[in-house]
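Have a look at the structure below before the remarks.
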Amino acid sequence: QVQLVESGGGLVQTGGSLRLSCAASGRALSSYFMAWFRQAPGKEREFAAAITWSTGGNTYYADSVKGRFTISRDNTKNTVYLQLNSLKPDDTAVYYCAATFVRPNTYSNPKSYADWGRGTQVTVSS
C-alpha cells in the first residue's frame, strides 16, 4: 500500500492557476498508475486526469479539463503533479490523487484505484 498526500490547493480567481502535488511514501511511485479525481459539494467524484507509470508517461484527460490541466510525474521525487490553468468556478472541488498497482480497465472509474489521498481544496472565485 502506498500513502498519498496532496498539497497545493487554495483560493484563486477565475482565470488563475494552481499546481497540485501528490507525494507518495511507503512504496516507489514508479510502480503505480496514477490519477487525479475531484469532487464538488453534492456531486459524485469525477475523473480529471491520469498518467501511466513512467516519468513522461502517456496521459489521459476528462473533456472538461482537456487543454487546461496537465498531469505529470517525477518518479525520482515520488510525486505526481496536476497543473491547473484557466480555472473556472466549476473547477471548485476537493482534488484527490489515486493510485493503482495494475493497469485499470477503466482509468476514469474511481473503483479502479485502491489507494487515495485525503484531498486538497481548490476554490475558484468568480
Side-chain angles (χ1 to χ4, degrees):
Q1 188 177 9
V2 63
Q3 290 76 47
L4 305 172
V5 179
E6 302 93 337
S7 62
L11 174 64
V12 64
Q13 292 184 334
T14 297
S17 298
L18 286 172
R19 189 193 196 200
L20 308 183
S21 298
C22 173
S25 62
R27 286 193 174 183
L29 194 66
S30 58
S31 300
Y32 292 87
F33 186 104
M34 300 295 297
W36 285 93
F37 287 78
R38 63 185 184 180
Q39 188 166 17
K43 295 186 177 180
E44 293 187 352
R45 192 166 297 190
E46 67 171 5
F47 170 75
I51 187 167
T52 55
W53 290 264
S54 305
T55 297
N58 292 336
T59 56
Y60 308 92
Y61 296 95
D63 288 343
S64 59
V65 307
K66 197 174 294 183
R68 300 188 299 121
F69 292 7
T70 303
I71 188 172
S72 62
R73 66 192 297 162
D74 186 340
N75 288 341
T76 64
K77 296 182 179 180
N78 248 23
T79 303
V80 174
Y81 306 97
L82 187 66
Q83 178 69 40
L84 287 61
N85 295 331
S86 302
L87 283 161
K88 309 173 183 179
D90 284 349
D91 295 318
T92 295
V94 177
Y95 284 71
Y96 299 90
C97 67
T100 176
F101 199 67
V102 298
R103 173 176 286 278
N105 290 328
T106 308
Y107 56 76
S108 59
N109 187 344
K111 296 181 179 179
S112 297
Y113 299 84
D115 299 303
W116 292 81
R118 292 188 175 184
T120 184
Q121 176 71 47
V122 172
T123 303
V124 185
S125 63
S126 56

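Count residues from 1 along the sequence.
- One finds the CD1 atom of I71 at 12.5 Å from the CD atom of Q83 (value rounded to the nearest 0.5 Å).
- For T100 (side chain) and V102 (main-chain N/O), a donor-acceptor pair under 3.5 Å exists by modelled atom type.
- Seen from the ring of F101, R27 counts as a face-on cation partner, given the 6.0 Å and 45° thresholds.
- Under a 3.5 Å cut-off, the side chain of T92 and the backbone N or O of V124 do form a donor-acceptor pair.
- With hydrogens and angles disregarded, a donor-acceptor distance shorter than 3.5 Å links the side chain of T14 to the backbone of S125.
- With hydrogens and angles ignored, the 3.5 Å screen pairs a side-chain donor or acceptor of E6 with a backbone N or O of R118.
- Minimum interatomic distance between A24 and V2 (heavy atoms only, all atoms of both residues): CB-CG2, 3.8 Å.
- Atom CG of L29 and atom SG of C22 lie 7.0 Å apart (nearest 0.5 Å).
- For the salt bridge (Lys or Arg N to Asp or Glu O under 4.0 Å) condition, the pairs that include at least one residue of residues 56-73, sequence neighbours left out, are D63-K66, R68-D91.
- Although no hydrogens or angles enter the test, the distance criterion places no donor-acceptor pair under 3.5 Å between the side chain of D74 and the main chain of T79.
- In terms of heavy-atom proximity, S17 sits nearest to S86 at OG-N, 4.3 Å.
- Rounding to the nearest 0.5 angstrom, the gap separating the CD atom in Q13 from the OG atom in S126 is 9.5 Å.
- Nearest heavy-atom pair across Q39 and K43 is NE2-O, 3.1 Å.
- For the pair T70 and Y61, the tightest heavy-atom approach, listed with the atom from each and the gap, is CA-OH, 3.3 Å.
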* **Criterion side-chain contact (heavy atoms from CB on, under 4.5 Å) on L4 and M34, from CA distance to verdict** => CA-CA 11 Å; L4 305 172; M34 300 295 297; 4.1 Å; yes
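- Here the side chains of F69 and L18 are not in contact, with every heavy-atom distance at 4.5 Å or above.
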* Asked: Given the rule in the side-chain contact (heavy atoms from CB on, under 4.5 Å) test, do V12 and L84 qualify, once you have shown the distances and angles that lead to the verdict?
  -> CA-CA 11 Å; V12 64; L84 287 61; over 6 Å; no
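- Grouping Ile, Leu, Val, Met, Phe, Trp and Tyr by side-chain contacts under 4.5 Å, direct or through others, puts Y107 with F33, F37, F47, W53, Y60, V94, Y96, Y113, W116.
- How far OH of Y81 is from CD1 of I51: 11.5 Å, rounded to the nearest 0.5 Å.
- Interatomic distance, L20 CG to W36 CH2, rounded to the nearest 0.5 Å: 4.5 Å.
- In this structure a side-chain-to-backbone donor-acceptor pair under 3.5 Å is missing from D115 to Q1.
- For T52 (side chain) and N58 (main-chain N/O), a donor-acceptor pair under 3.5 Å exists by modelled atom type.
- We find the CG-OG distance between N78 and S30 to be 7.0 Å, quoted to the nearest 0.5 Å.
- The minimum heavy-atom distance between A40 and A93, with the atom names listed, is N-CB, 3.8 Å.
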* Asked: Taking it one step at a time, do S64 and R38 satisfy side-chain contact (heavy atoms from CB on, under 4.5 Å)?
  -> CA-CA 12 Å; S64 59; R38 63 185 184 180; 3.5 Å; yes
